[in-house]
> 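This is the structure I have questions about; it appears just below.
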Amino acid sequence: MKRLFILSNRLPVTIWHEKDQIKVSNSSGGLVSAISSYINHSGNTGTEKFSEKFWVGIPGCSEKVWESATVQLTDDAFGYLPVFVPPKAYDQYYNGLSNSVLWPLFHYFPSYAEYNAQYFDNYIAANEAFVAALLSKLNDDDILWIHDYHLLPLAGKIRAHFPKITIGFFLHIPFPSFEIFRLMPSRWQEEFLKGMLGADLIGFHTIDYASHFLETIQMVLNIENEHHIVKYQNRLIKIDVFPISIDYEKYNSAYKLPEVASKRKTYREQFNQQKIIFSVDRLDYTKGVFCRLKAYERFLVKYPEFKEKVVFVMVIVPSRDTIKKYAERKTEIDGFIGDFNSRIGNITWKPVNYQYTHLDFHDLMALYTACDLALITPLRDGMNLVAKEFISSRQDLQGVLVLSEMAGAARELTDALTINPNDIEGTADSIRAGLRMPAEQQSKKLVNMQKRVRQYDIIAWGEDFMNELSLIKIKQKEFEFKFLNPEAIEALIGKYKSRKNRLLLLDYDGTLVPFSAVPEQAAPDRNLLKLLHHLSEDPGNDIFIVSGRDSGSLDRWLGHLNINIIAEHGAKFKRKGSGWKTSIVYMSDENWKQNILQVMQKYELRCANTFIEKKDYSVAWHFRNAEPEQAKVRSAELFTELNDYSKDLNIQVFKGNKVIEVRIKGMDKGYAVKQILKEKAYDFILACGDDYTDEDMFRVLTKYDEAFTIKIGYEASYAQFNLYTPQMTVSLLEMLSRIPVAGNELRLKEKNA
Ligand code: GDG
């Protein structure tokens, strides 16, 4: 059993002074109840149980106060590990970088962001305080789950000390598009992204946020993904979607609680025959309060028959009011509502019933279940749990949800009346439609939405995340860097000796010969030619050079040997003793190459010392010799542009070792190897390659017990082993060529004589 550490900005505790005493109690914010629900139920559903559980966060008091106060904590579900950050630094980390840069930017309010260098320095310092507090407590077997935008760099910083530790990171707010993210100084961008990539699993609420993240790491760090998995610092990292949810049963069963039922009755009586519209959110400019009020006003003006027949109960919960933007907002809302009520209302009817307060759970449930319509209109919202809570609370299957399409929840709650919060007219119409919706239609919609929240509730969310986290750790093991050590060489030689049908699959550039500045200059030397000839003379060996190169160069250099050659990643092949053939049967659009060439030529001009390689079935732009910084930017741009162009065509864009290549879809070395294996059964397979294109071949061969797969280079790979350089591949092949194999001893003796 492993230990679980939850890391979040604040520890879930409340500290207060009572007379001369310091009191501390466990507090249950949204995150703590979410995690607790998952932990408490996980035993029933097979998720790994944890030997110990700790919560790591800032307690909001000094070390001295904490020491005198901790004794009063009673809940033993979690051990608390406090992180102390001095008040001034905390202010710049929390109110500064977290809530005056990341929060506005990630919610698409770039003009609210304050790029203050001190904020950044203190944000990093606060994250380092977490590391310092944990260093002596962690070990590589622990599981860490880091939460939210306050701790973006933390996973990377912990990873530096514990390379094998398991870390999950979940972002509770949106991840913005690259064009927004790039507004931050580039040093900040890199620090945040590299930090996040210290995790093994990075979770977002929606597919859009995950895609934005993937695009951003591509543009900033030049990191690509394959099916949402990226390779970074020799580690596989999964980027996935986990829409946070709620404890469905808790909200659903609250309907019948006596306190809730009686408060519901009070509210209904208070508003008599009026329809109740309800909203509740933290004081935050992202929540779209003004749009909401304007839409409500438009509704009353456009549909005056609702005047005096409806009331809008709007609860705003105090939040971050020490930040200027939030304090200003409060004053504006107060003024706006006062004016609204006097303009639209009358002596007996106040159209907006506004409270700036925190409701207790029973009050909140009473309002969720008393209202006729929940009006949720954020301008941006990572998820929005209020929407899910409202849906779940309606055991009576009555009530309408009007929901902004800018909330993550809109992706799942598709039966809501979705609105664009900036569309005042449209929102006003949706309010009317909601208030006039027939009872059966309300029920039908609620049944569908309740089903979704019930099925993927907070427990499912936690389990889903933890399961994915353990799966990626398993995948990482398959992918680790493993040097081909003497024992492995011995095993390889042993098999080579005893088997009669041997297949040698050898990539060319970077595997048999080192990379050279210009592709045409990578000709094989005499030694390599002699070696290949030697190996090919053994009747038990079938040698395939499996290359992405053009057939012309390969033919010139190797065509005279008695070996098979695969060019252009499988698009062309030459069997020993015969001529070149192609495996491309049909090409939908012959113009693609010309168009791709035109795009690449633009980049050849814009980025000095790059060049284009034209092949029969592919085109490649090489940037090996270009200035690295410029090449990084241009290659990222070209990659995006080519991907856009190729979307609907039968071609695919690949990024290799300092090259971007466009080729026919499905044509890869994995496909080529599958074809070879279809034709003949082999009892020994050796595959060597250095590039990402060779990974396709390695992946196919993971299913063959008799295969030895070797990645040339220092990177982790799907291959079983690594060798560092092409010289080492050649030495290994020389070793094999000297082995007297069954039946061949005589012939070899003669040759060596
Ligand atoms: C962030 C993301 C994401 C609110 N007022 C009262 C009260 N609440 C509770 C609600 C709900 C929670 O607070 C608010 O959660 P939201 O999801 O709506 O919004 P954020 O606080 O901005 O949360 C958000 C979330 O993280 C989770 O990942 O969904 O997008 O911004 O649970 O019930 N609870 C009580 N009284 C109140 O007056 N008792």
Side-chain angles (χ1 to χ4, degrees), residues 6 8-10 12 14 27-38 98-99 102-109 145-151 169-176 203-206 208-209 241-248 250-251 254 257 259-260 263 278-289 313-320 326 354-369 374-393 401 403-413 453 456-458 461-462 465:
I6 303 290
S8 69
N9 166 46
R10 290 299 289 255
T14 311
S27 68
S28 69
L31 186 59
V32 76
S33 50
I35 302 285
S36 305
S37 304
Y38 154 65
S98 300
N99 286 319
L102 294 174
W103 179 273
L105 214 52
F106 282 30
H107 286 87
Y108 295 77
F109 282 81
W145 192 357
I146 303 176
H147 290 266
D148 231 356
Y149 61 104
H150 317 89
L151 304 177
F169 175 83
F170 188 80
L171 187 69
H172 289 259
I173 64 173
F175 194 92
F204 299 95
H205 288 306
T206 73
D208 311 77
Y209 309 157
V241 176
F242 307 90
I244 200 169
S245 196
I246 58 162
D247 184 340
Y248 177 83
K250 175 178 156 193
Y251 286 90
L257 291 177
E259 301 91 328
V260 173
K263 284 188 171 177
F278 175 58
S279 78
V280 56
D281 22 37
R282 284 185 304 101
L283 172 71
D284 202 298
Y285 48 81
T286 61
K287 300 288 180 183
V289 171
V313 178
M314 191 171 93
V315 178
I316 303 264
V317 183
S319 170
R320 302 176 196 166
Y326 288 76
Y354 162 55
Q355 293 298 312
Y356 182 66
T357 186
H358 183 270
L359 303 168
D360 73 21
F361 179 71
H362 295 134
D363 257 323
L364 180 66
M365 288 302 110
L367 281 163
Y368 278 156
T369 54
L375 186 55
I376 302 178
T377 61
L379 296 165
R380 289 278 163 182
D381 213 334
M383 172 54 67
N384 193 296
L385 293 179
V386 169
K388 292 190 174 181
E389 291 167 4
F390 166 69
I391 292 296
S392 311
S393 70
L401 174 64
L403 178 62
S404 163
E405 62 192 27
M406 307 293 180
R411 295 269 167 279
E412 291 170 274
L413 305 178
V453 183
Y456 197 86
D457 64 358
I458 193 65
W461 174 77
F465 189 91

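Counting convention: from 1, in listed order, for ligands and their atoms alike.
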> Kindly state if atom 8 (N) of ligand 1 has a protein heavy atom within a strict 4.0 Å cut-off, that is, under 4.0 Å?
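Within 4.0 Å of atom 8 (N) of ligand 1, no protein heavy atoms are found.
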> Look only at the side chain of Ser8 and the backbone of Arg10, and say whether a donor-acceptor pair between them is shorter than 3.5 Å.
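Yes: the side chain of Ser8 pairs with the backbone of Arg10.
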> Report, in ascending order of atom number, the atoms of ligand 1 lying under 4.0 Å from any heavy atom of His205.
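Heavy-atom distances to His205 below 4.0 Å select 28 (O).
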> Using distance alone, determine whether Arg282 and ligand 1 share an N or O pair under 3.5 Å.
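N/O-N/O distance below 3.5 Å exists for this pair.
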> With respect to His107, determine whether any N or O atom, backbone or side chain, lies less than 3.5 Å from an N or O atom of ligand 1.
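His107 vs ligand 1: no N/O contact under 3.5 Å.
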> Donor-acceptor pair, distance only, cut-off 3.5 Å: does the side chain of Lys263 make one with the backbone of Met365?
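Judged by distance alone, no pair lies under 3.5 Å.
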> Between NE2 of His150 and NE2 of His172, what distance do you get to the nearest 0.5 Å?
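It comes to 10.0 Å.
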> Without swapping roles, check the side chain of Tyr326 against the backbone of Leu283 for a donor-acceptor pair under 3.5 Å.
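Between the backbone of Leu283 and the side chain of Tyr326 there is no qualifying donor-acceptor contact (under 3.5 Å).
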> Looking only at protein heavy atoms, which one is nearest to atom 39 (N) of ligand 1, and how far off is it?
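Result: Leu359 O, 3.2 Å.
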> Under a 4.5 Å cut-off applied to non-hydrogen side-chain atoms, are Tyr149 and Asn9 in contact?
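No, side chains not in contact.
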> Note the single closest protein heavy atom to atom 14 (C) of ligand 1, along with its residue, its atom name and the distance in Å.
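The closest one turns out to be Val386 CG2, 4.4 Å.
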> Using a strict 4.0 Å cut-off to heavy atoms of Ile244, name the atoms of ligand 1 that fall inside it.
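Once the distances to Ile244 are compared, the set is 27 (C), 28 (O).
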> Rounded to the nearest 0.5 Å, how far does CG of Asp381 lie from CG of Asp281?
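Asp281 atom CG to Asp381 atom CG measures 8.0 Å (nearest 0.5 Å).
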> Return the residue, atom name and 0.1 Å-rounded distance of the protein heavy atom closest to atom 1 (C) of ligand 1.
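The closest heavy atom on the protein side is His172 O, 4.4 Å.
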> If you have a sec, work out which protein heavy atom is nearest atom 12 (C) of ligand 1 and how many Å separate them, to one decimal?
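Its nearest protein heavy-atom neighbour is Glu389 OE2, 4.6 Å.
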> Please check: side-chain N/O of Ser404 versus main-chain N/O of Leu379, any donor-acceptor pairing under 3.5 Å?
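Not at all, since once roles are kept as given, no pair shorter than 3.5 Å links the two residues.
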> Find the distance between OH (Tyr251) and CD1 (Ile458) and round it off to the nearest 0.5 Å.
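Tyr251 OH to Ile458 CD1: 10.0 Å, rounded to 0.5 Å.
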> Does an N or O anywhere in Asp381 fall below 3.5 Å from an N or O of ligand 1?
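Yes, since at least one N or O of Asp381 sits under 3.5 Å from an N or O of ligand 1.
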> Please tell me if atom 29 (O) of ligand 1 is touched by the protein, where touching means a protein heavy-atom distance below 4.0 Å.
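So far as the 4.0 Å threshold goes, atom 29 (O) of ligand 1 is in reach of a protein heavy atom.
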> By ring pair (Phe, Tyr, Trp, His ring centres under 6.0 Å), which residues pair with Phe106, not counting sequence neighbours?
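Phe106 satisfies ring pair (Phe, Tyr, Trp, His ring centres under 6.0 Å) with Phe175 only.
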> State if Trp103 counts as touching ligand 1 under the rule of any non-hydrogen atom under 4.0 Å.
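The answer is yes, since Trp103 has a heavy atom less than 4.0 Å from ligand 1.
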> Calculate, to the nearest 0.5 Å, the distance between atoms CD1 and CD1 belonging to Ile6 and Ile35 respectively.
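With rounding to 0.5 Å, CD1 (Ile6) is 4.0 Å from CD1 (Ile35).
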> Look up atom 21 (O) of ligand 1 and tell me if a protein heavy atom lies less than 4.0 Å from it?
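Yes.
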> What is the nearest protein non-hydrogen atom to atom 5 (N) of ligand 1, stated with its residue, atom name and distance?
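Atom 5 (N) of ligand 1 sits closest to the protein heavy atom Val317 CG2, 3.1 Å.
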> In terms of atom number and element, which parts of ligand 1 are under 4.0 angstrom from non-hydrogen atoms of Gly382?
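Close to Gly382: 30 (O).
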> Could you find the nearest protein heavy atom to atom 34 (N) of ligand 1 and give me its residue, atom name and distance?
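In this structure, atom 34 (N) of ligand 1 has Leu364 CD2, 3.6 Å as its nearest protein heavy atom.
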> To which protein heavy atom is atom 19 (O) of ligand 1 closest, and what is the distance rounded to 0.1 Å?
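Result: Lys287 NZ, 3.2 Å.
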> Using a heavy-atom cut-off of under 4.0 Å, does the side chain or the backbone of Val280 touch ligand 1, or both, or neither?
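Answer for Val280: side chain.
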> Within the 4.5 Å heavy-atom criterion, are Phe390 and Phe278 side-chain neighbours or not?
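Phe390 does not reach Phe278 side chain to side chain.
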> For a 4.5 angstrom cut-off between non-hydrogen side-chain atoms, does Val289 reach Met314?
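With C-beta onward as the side chain, the pair touches.
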> Does Leu385 reach ligand 1 with a nitrogen or oxygen that is under 3.5 Å from one of the ligand's nitrogen or oxygen atoms?
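Right, the criterion is met.
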> Would you say Met383 has any N or O atom under 3.5 Å from an N or O of ligand 1, going by distance alone?
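Indeed, backbone or side chain, Met383 has an N or O that close.
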